[in-house]
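Everything below concerns the one structure shown next.
These values consider heavy atoms only, across backbone and side chains, with no hydrogens, waters or symmetry-generated copies. Positions are given from 1 along the sequence.
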Amino acid sequence: MDLLSLNALQNLSLLSQSIQQLNGLYGMELNVFLDFGHSSDMLAAIRQPAMPSLWIRNLEIQLVLQGNFSSRTLTIVQLEDAPLRATLEYLRVWLWRYQHLQVLILYQGTTEALLEIFSYCWKQGMVHILAVEPETGNLYSFMPYPKWQLLFLSSIQEYFRRTRAMLWNFQGYNITTGIGYHGEPRCFGFRDSHNRLILAGYMLHMVLEFIKHFNGTMQLIYITSVDQAIGLLANRSIDLLPYLIVPADEYYQSTNVLYLENCVMMVPSSRPLATFLYMVRPFTWGTWLTWLLVLLYCSGALLVLSQGRLNPSAAFLEALCLALFLGIGNYLTRGTPSPRGILIFVLLTASGFILTNLYLAQLSTSLAAHLYEREIDTVDDLPGTNLKWYVTAYDAALVRSQFANRPNVIKHILLGSNEKTDDLRRELNTCCVHSGYEDRIDFILYQQKLLRFPIFRKLPEILYQQPHQIPASFGRPFLQLFNDFTQRIFESGIQQKMKGDSYRHGVQSGQIQFNFRDRYMEVSSNDVEYYYVIGGLWLGGMLLASITFVCEYYRINTSVCKV
């Protein structure tokens, strides 16, 4: 009995030293004991007095590590036959999103059962698992690369080296990646002139660089819809999907958030006004009306002050000539004008000089700079146009929830299929407005790079935002390593370089085309259309003169016949 007690004390001492070494190597701040069986005395004996401890004894009350405790946590659990499956399930939920943390398992059983425990932990994404036999003090772990194998370890230091070796070398481990059709600029593929498959897209390149850096292999699965992607993520058929999807924790988890991706709207640029309108646009309608009223008033004043020497038509023409700074006419040569007549002459001549030069200056400026229709500055300007807003059914729910208090904007929304909506955006169709995440909008607007005047422009208003993260299946063991890798790519600016490469690949694949015609390149200021207003005034004058001539002709003939 004394020998058995001595062996038990030695084994407990070894266990306690192992926990102490793990705490020191990994900088632990908390030890968590999962005590669901009859091993309280053993767990209490190996507790570290200098380390804060948390004891969980109720299997029914599920706790989650994320957001509640320190991430530098060592979880210690005694696995027994009776609550084995329930304890493993509790451990899985306890380490939700923190599967990369260290777990120490105390287990006395067969090697086959231990392999099943390790296999379950690996499938759930728990990577750093160390098993200890309490009676013998033997240490066990596993190595999944390149094939599954059980490891017998002689010390904690050897386990520490195994951890780094497993993290930094996948040894050909296969990572299944989804790639979507029309997923540019995030992920897409095409064949070059030599019929070689080129994988492009900045999000896909982040995954490719990760796999290449850690000596892994990749398998591609082509995806045609968002629903198919969610289904493949839910049943773990794919590991990573380099695409932006609304987070849904019930179907899949996601990598760390790098930044918030904005959803913006692209609207047609303001169209140029018809050339014939240039003649009337230098002055507003209020100015034209005021000028006409002043002209009529001055014509009446000249008619009264002429004391019968002028008829209404002659008075109007005299005032018009003075207002247009065309000349003094023959008003001043008809006798001695009155002081009031001279005052009217001076006022009309001075105002005509100012008016004519101001009109010519504004007209010349308009011809040089061009005039355009009223542009759309915000989403609230959309109800004032006849443009429709094409969105997919997937995006319509988000848009309607964001604009629930603006029903006039919602009335312009039209549902379309993914193919139709994408084709309208890619063709830069100006019959409607388009929305999308900013990376996709920038990719489409890159087609206007060589245009003198853009066909579409991006509104600065943000419709809504979505976290920029890559969806992943539950329990991927390399997820934390992928988070650290992508964070370094983003912080170093390599992601921006990858976005630039996606534009180049878009040109090579034909997704980006530069054959859009610049409709505003040709300057046609002296086109026939420019003289429409002048021609209309001339035709109106000729028609009025003809009617007057016919009326005078019949009046004279009638008078002659009566005589």
Side-chain angles (χ1 to χ4, degrees), residues 11 14-15 18-19 22 32-39 42-43 46 56-57 59-60 62-65 73-156 158-160 162-163 165-167 170-176 234-237 239 253 472-481:
N11 293 333
L14 290 175
L15 287 176
S18 299
I19 295 175
L22 289 174
V32 177
F33 295 88
L34 302 184
D35 183 12
F36 302 134
H38 306 286
S39 55
M42 179 183 296
L43 293 179
I46 61 177
I56 302 177
R57 292 185 171 90
L59 190 62
E60 303 298 329
Q62 178 69 65
L63 297 180
V64 181
L65 176 64
T73 298
L74 172 63
T75 302
I76 304 164
V77 55
Q78 169 75 23
L79 291 181
E80 299 181 354
D81 293 336
L84 178 62
R85 282 294 175 181
T87 304
L88 290 176
E89 179 64 20
Y90 192 99
L91 180 64
R92 180 188 69 83
V93 181
W94 163 253
L95 295 177
W96 171 244
R97 294 183 183 272
Y98 279 162
Q99 297 98 326
H100 60 281
L101 298 186
Q102 301 293 328
V103 177
L104 178 63
I105 296 178
L106 307 182
Y107 181 72
Q108 181 67 35
T110 63
T111 304
E112 291 76 10
L114 189 59
L115 280 174
E116 292 182 3
I117 294 174
F118 284 154
S119 177
Y120 175 85
C121 293
W122 172 255
K123 291 179 181 179
Q124 301 303 325
M126 291 180 280
V127 183
H128 307 303
I129 308 296
L130 177 63
V132 182
E133 287 184 352
E135 294 184 359
T136 61
N138 294 332
L139 303 176
Y140 298 94
S141 187
F142 63 92
M143 177 64 74
Y145 314 131
K147 63 179 181 179
W148 187 270
Q149 56 181 332
L150 183 67
L151 296 181
F152 175 76
L153 305 175
S154 59
S155 64
I156 298 296
E158 185 178 354
Y159 169 75
F160 181 73
R162 165 262 178 197
T163 300
M166 187 183 72
L167 279 178
F170 289 167
Q171 301 186 34
Y173 179 76
N174 182 63
I175 297 177
T176 306
N235 59 26
R236 302 186 184 184
S237 298
D239 297 324
Q253 65 183 115
S473 298
F474 289 119
R476 299 299 92 182
F478 50 81
L479 191 59
Q480 182 61 30
L481 185 63

Q) Are I156 and L130 close enough, and set up right, to give a side chain to side chain contact (heavy atoms under 4.5 Å, CB included), and what steps lead you there? A) CA-CA 9 Å; I156 298 296; L130 177 63; 3.7 Å; yes
Q: Heavy atoms only: give me the nearest L150-S141 pair and the separation to one decimal.
A: CD1-O, 3.3 Å
Q: May I ask you to decide if P477's main-chain N or O and Q99's side chain share a donor-acceptor pair within less than 3.5 Å?
A: no
Q: Let me see the working for V127 and H100 under side chain to side chain contact (heavy atoms under 4.5 Å, CB included), right down to the final yes or no.
A: CA-CA 6 Å; V127 183; H100 60 281; 5.7 Å; no
(Q) Can you tell me how the ring of F170 sits relative to the ring of F478, calling it parallel under 30°, perpendicular over 60° and tilted otherwise? (A) tilted
Q) Does R85 count as lying over the ring of Y120, i.e. NZ or CZ under 6.0 Å from the six-ring centre, within 45 degrees of the axis? A) yes
Q.
Tell me the closest heavy-atom pair linking A131 and L114, and the distance in Å.
A. CB-CD1, 3.8 Å
Q: Describe, in one word, how the ring planes of Y90 and F36 are oriented to each other, choosing from parallel (under 30°), tilted (30 to 60°) and perpendicular (over 60°).
A: perpendicular
Q. Between atom CD of Q149 and atom CG of L115, what is the distance when rounded to the nearest 0.5 Å?
A. 10.5 Å
Q) What residues form a side-chain hydrogen bond (donor to acceptor under 3.5 Å, both in side chains) with Y173, not counting sequence neighbours? A) none
Q) Looking only at heavy atoms, what is the nearest atom pair of Q78 and P134, with distance? A) OE1-CG, 4.4 Å
Q. Do Y159 and L22 touch side chain to side chain, with heavy atoms closer than 4.5 Å?
A. yes
Q.
I need the single residue from L34, V132, V77 that forms a side chain to side chain contact (heavy atoms under 4.5 Å, CB included) with I105. Which is it?
A. V77
**Q.** 4.5 Å side-chain heavy-atom contact, L15 and L104
**A.** no
Q. Taking atom CG of L91 and atom CD1 of I129, what is their separation to the nearest 0.5 Å?
A. 6.5 Å
Q. Is there a side chain to side chain contact (heavy atoms under 4.5 Å, CB included) between L95 and T73 once you walk through the steps?
A. CA-CA 10 Å; L95 295 177; T73 298; over 6 Å; no
Q. Taking it one step at a time, do L63 and W94 satisfy side chain to side chain contact (heavy atoms under 4.5 Å, CB included)?
A. CA-CA 6 Å; L63 297 180; W94 163 253; 3.9 Å; yes
Q.
Tell me the closest heavy-atom pair linking W96 and V64, and the distance in Å.
A. CB-CG1, 4.1 Å
Q. How far apart are the closest heavy atoms of R236 and Q124, and which atoms are they?
A. NH2-OE1, 3.7 Å
Q | Where A472 and L479 come nearest, the two heavy atoms and their spacing | A | CB-CD1, 3.9 Å
Q | T176 side chain vs D239 backbone, donor-acceptor pair below 3.5 Å | A | no
